[in-house]
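A quick write-up on the structure given underneath.
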Amino acid sequence: MAQPVFLDVRPSKERILTRAIELAQEDPALAERLMRVNEVARGIRTVEVWITDACNLRCKGCWFFEHDMDKQSIEIRDLGTIRAFAEDLRDNKRITSTLLIGGEPALVLDRVRVFAETIRNVTVVTNGTRPIPYDGLEDLAIAVSLWGGGPVDDELRGYGVNGRRISGLFDKALRTYTDDPRATWVYTLSEAGMPYLERTVEAIAANGNQINFGYYSDNGTDPTARLHNEERAIEEMTRMRETYPDTVIGDPYYFRTLVTGRTHWGTFGAETCPSISNDHPAHAARLTEGHPIVGRFNAYRTDHSVQYCATTGDCDNCRDSQAVWSWLLVNLHRFLADRDQLNTWVTLAENFYRQYYWSSYHPARQVPAEPAVGA
């Protein structure tokens with residue numbers, strides 16, 4: 001791939017957009033796609049909120065509990081306080097999108113409803129064991145966790161709080177979200193799960209849901225789960241995208257970046273990850289001097305204090321799928337050497353927004369084309 005035009009770390013937004021428009025001007029379709037993505041992106045200002053420290057599972061390699069994140073704050077339970085916090089995000093910080101995680105948010109639906117009533121675009125990450133109802137939550141995006149696929153999912157996630165073994169998690173979640181357009185599965189791949197990849201994708205396709213691939217980075221608890229044959233994993237994800245285009249979200253460029261942690265210009269890590277909390281004092285220099293970040297982003301603990309980043313700050317073991325997506329998108333200037341590069345970036349952006357039920361890129365939100373006159 002050709003070298004990027006802009007080699008400086010932080011060119012101006014005006015300069016980036018001007019160059020992108022120049023590249024797209026001889027391709028009207030690409031120009032239109034670029035302008036649409038830009039318009040959507042301008043309206044999205046995201047934060048992450050941990051709304052509960054409680055969970056009914058204890059999954060192997062869960063970063064939240066492996067790093068004792070549940071012990072680092074005193075959980076706020078008062079709905080009035082939570083509503084005031086959500087209103088402050090909306091009115092003063094101008095936040096339009098909130099990612100709710102835990103713990104297990106489905107255990108505290110009253111808190112989920114507060115955010116759904118306050119913030120325009122809400123996404124909930126769930127383990128799939130408890131249903132998130134439609135009533136009052138019709139426009140939520142739901143990210144359903146799945147680790148490995150097949151029996152590997154139960155092996156990695158099938159443990160109750162008391163250590164009791166649980167089975168059938170995937171089948172239960174399938175039943176819960178059958179034909180629910182809000183649901184996109186976050187399917188994290190592992191070496192042990194590769195033999196079950198296609199049958200798992202096929203089951204989700206038949207269930208009427210989408211898939212976004214993630215990577216099982218395991219936080220050091222089970223190194224055998226890491227992907228040893230990276231090329232095979234990339235090839236299989238790409239084949240699944242080609243075989244099930246209505247189900248699998250993504251692009252070969254994203255798949256390769258997710259698995260390897262590398263792009264044509266750099267490596268994913270502490271210095272480059274954009275999903276850092278803007279208001280955390282550790283990142284003061286990065287805001288003005290370092291690699292691009294997600295503007296206005298903060299991750300908030302259950303006491304509404306600011307967390308270091310979207311996960312734990314254990315950067316060596318992190319390959320968070322949303323952070324990888326964001327890394328690609330905030331680096332548009334690295335995709336401006338030629339029109340093919342720009343097309344790759346626009347395709348990545350379109351796939352990123354396709355994940356979310358509240359997005360105009362979600363398949364359920366697409367407006368059918370008008371039939372030709374006389375057809």
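At a threshold of 4.0 Å, the pair Glu117-Arg90 does not count as salt-bridged, since none of the basic side-chain nitrogens sits closer than that to a carboxylate oxygen. Taking a cutoff of 4.0 Å between a charged side-chain nitrogen and a carboxylate oxygen, Asp279 and Lys93 qualify as a salt bridge. One finds a salt bridge joining Arg365 and Asp139 here, because a Lys/Arg side-chain nitrogen approaches an Asp/Glu carboxylate oxygen to under 4.0 Å. Taking the charged nitrogens against the carboxylate oxygens, Asp68 and Lys71 do have a contact shorter than 4.0 Å, which makes a salt bridge. A salt bridge links Glu155 with Arg165; the closest basic N to acidic carboxylate O contact falls under 4.0 Å.
For the atom pair Ser275 OG and Gln322 CD, the distance stands at 8.5 Å (nearest 0.5 Å). The CZ atom of Arg301 lies 12.0 Å from the CD1 atom of Ile74; values are rounded to the nearest 0.5 Å. Expressed to the nearest 0.5 Å, how far CG of Leu140 lies from OG1 of Thr98 amounts to 11.0 Å.
Nearest heavy atom pair, residue Val201 against residue Tyr187, reads CG2-CE2, 4.1 Å. Nearest heavy-atom pair across Asn351 and Gly250 is OD1-N, 2.9 Å. Contact record, Val330 with Pro274: CG2-CB, 3.9 Å, taken as the closest heavy-atom pair. For Arg354 against Val248, the heavy-atom pair with the smallest separation is NH1-O, 3.5 Å. Listed here is the closest heavy atom pair of Met69 and Trp63: CG-O, 3.9 Å. Shown here for Pro105 and Ile51, the closest heavy-atom pair between the two residues is CB-CD1, 3.8 Å.
Counting heavy atoms from C-beta outward, Leu329 and Val294 have side chains that stay 4.5 Å or more apart. Contact check for Arg130 versus Lys172: no side-chain heavy atoms found under the 4.5 Å cut-off. Under the 4.5 Å side-chain criterion, counting only non-hydrogen atoms from C-beta, Ile132 is in contact with Arg182. Here the side chains of Phe268 and Thr257 are not in contact, with every heavy-atom distance at 4.5 Å or above. Taking the side chain as every heavy atom from C-beta outward, Leu17 and Asn38 approach each other to under 4.5 Å. Side-chain contact between His333 and Asn331 is present, with heavy atoms from C-beta onward closer than 4.5 Å. Thr263 has its side chain within reach of Leu328: a pair of non-hydrogen atoms, C-beta onward, lies under 4.5 Å apart. When side chains are defined from C-beta on, Asp246 does not count as touching Pro363, because their heavy atoms never get closer than 4.5 Å.
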| request: Go through Arg256 and Glu231 one step at a time and tell me if the salt bridge (charged side-chain N to carboxylate O under 4.0 Å, His left out) criterion holds. | output: CA-CA 8 Å; Arg256 180 166 295 278; Glu231 288 302 319; 2.9 Å; yes
| request: May I have the step-by-step check of salt bridge (charged side-chain N to carboxylate O under 4.0 Å, His left out) for Arg36 and Glu350, ending in yes or no? | output: CA-CA 9 Å; Arg36 183 186 174 196; Glu350 291 168 338; over 6 Å; no
| said: Set out, in order, the CA-CA distance, both residues' side-chain angles and the distance that settles salt bridge (charged side-chain N to carboxylate O under 4.0 Å, His left out) for Glu236 and Arg239, then state yes or no. | reply: CA-CA 5 Å; Glu236 285 298 287; Arg239 186 172 70 85; 2.9 Å; yes
| task | Take Trp325 and Asn212, measure what side chain to side chain donor-acceptor pair (under 3.5 Å) needs, and give me the verdict at the end. | result | CA-CA 11 Å; Trp325 275 114; Asn212 173 38; 3.2 Å; yes
| message | Set out, in order, the CA-CA distance, both residues' side-chain angles and the distance that settles side-chain contact (heavy atoms from CB on, under 4.5 Å) for Ile204 and Thr247, then state yes or no. | response | CA-CA 8 Å; Ile204 293 172; Thr247 301; 4.3 Å; yes
| task | Run the numbers on Asp154 and Ser167 for side chain to side chain donor-acceptor pair (under 3.5 Å), then give the verdict. | result | CA-CA 6 Å; Asp154 282 348; Ser167 62; 4.8 Å; no
| request: Apply the test side chain to side chain donor-acceptor pair (under 3.5 Å) to residues Thr302 and Asp53: give CA-CA distance (whole Å), side-chain angles for both, the deciding distance (0.1 Å), then the verdict. | output: CA-CA 7 Å; Thr302 53; Asp53 293 325; 3.0 Å; yes
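With sequence neighbours excluded, the residues satisfying ring pair (Phe, Tyr, Trp, His ring centres under 6.0 Å) with His280 are His283, Tyr308.
With His362 as the fixed residue, the ring-ring contact (aromatic ring centres under 6.0 Å, His included) test singles out one of Tyr353, Phe352, Tyr357: Tyr357.
Listed by first and then second residue, the ring-ring contact (aromatic ring centres under 6.0 Å, His included) pairs that reach into residues 131-181 are Trp147-Tyr216, Phe170-Trp185, sequence neighbours excluded.
There is a side-chain donor-acceptor pair under 3.5 Å between Thr178 and Asn207. Of the N and O atoms on the side chains of Arg33 and Asn343, at least one donor lies less than 3.5 Å from an acceptor on the other residue.
Under the 4.5 Å side-chain heavy-atom criterion for ILVMFWY residues, no single connected hydrophobic cluster contains both Ile142 and Leu57.
Taking the six-membered ring for Trp and the full ring otherwise, the centers of Tyr300 and Phe85 sit less than 6.0 Å from each other.
Under a cut-off of 6.0 angstrom, the local environment of CZ in Arg42 is sparse, with at most 12 non-hydrogen atoms contributed by other residues, nucleotides or ligands.
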Sequence neighbours excluded and cut-off under 3.5 Å, please list the side-chain donor-acceptor pairs for residues 121-129, or say none.
residue: Asn121; atom: ND2; partner: Thr96; partner atom: O; Å: 3.2
residue: Thr123; atom: OG1; partner: Trp358; partner atom: NE1; Å: 3.0
residue: Thr126; atom: OG1; partner: Glu104; partner atom: OE2; Å: 2.8
residue: Thr126; atom: OG1; partner: Gly128; partner atom: N; Å: 3.1
residue: Asn127; atom: OD1; partner: Thr129; partner atom: N; Å: 3.0
residue: Asn127; atom: OD1; partner: Thr129; partner atom: OG1; Å: 2.6
residue: Asn127; atom: ND2; partner: Asn56; partner atom: OD1; Å: 3.0
residue: Asn127; atom: ND2; partner: Glu104; partner atom: OE1; Å: 3.2
residue: Thr129; atom: OG1; partner: Asn56; partner atom: ND2; Å: 2.8

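In this structure, Arg241 forms no cation-pi arrangement with Phe255, as its terminal cationic atom is not both closer than 6.0 Å to the ring centre and no more than 45° off the ring axis. A cation-pi arrangement is present between Arg319 and Tyr215, with the terminal nitrogen or guanidinium carbon under 6.0 Å from the aromatic centre and inside a 45° cone about the axis.
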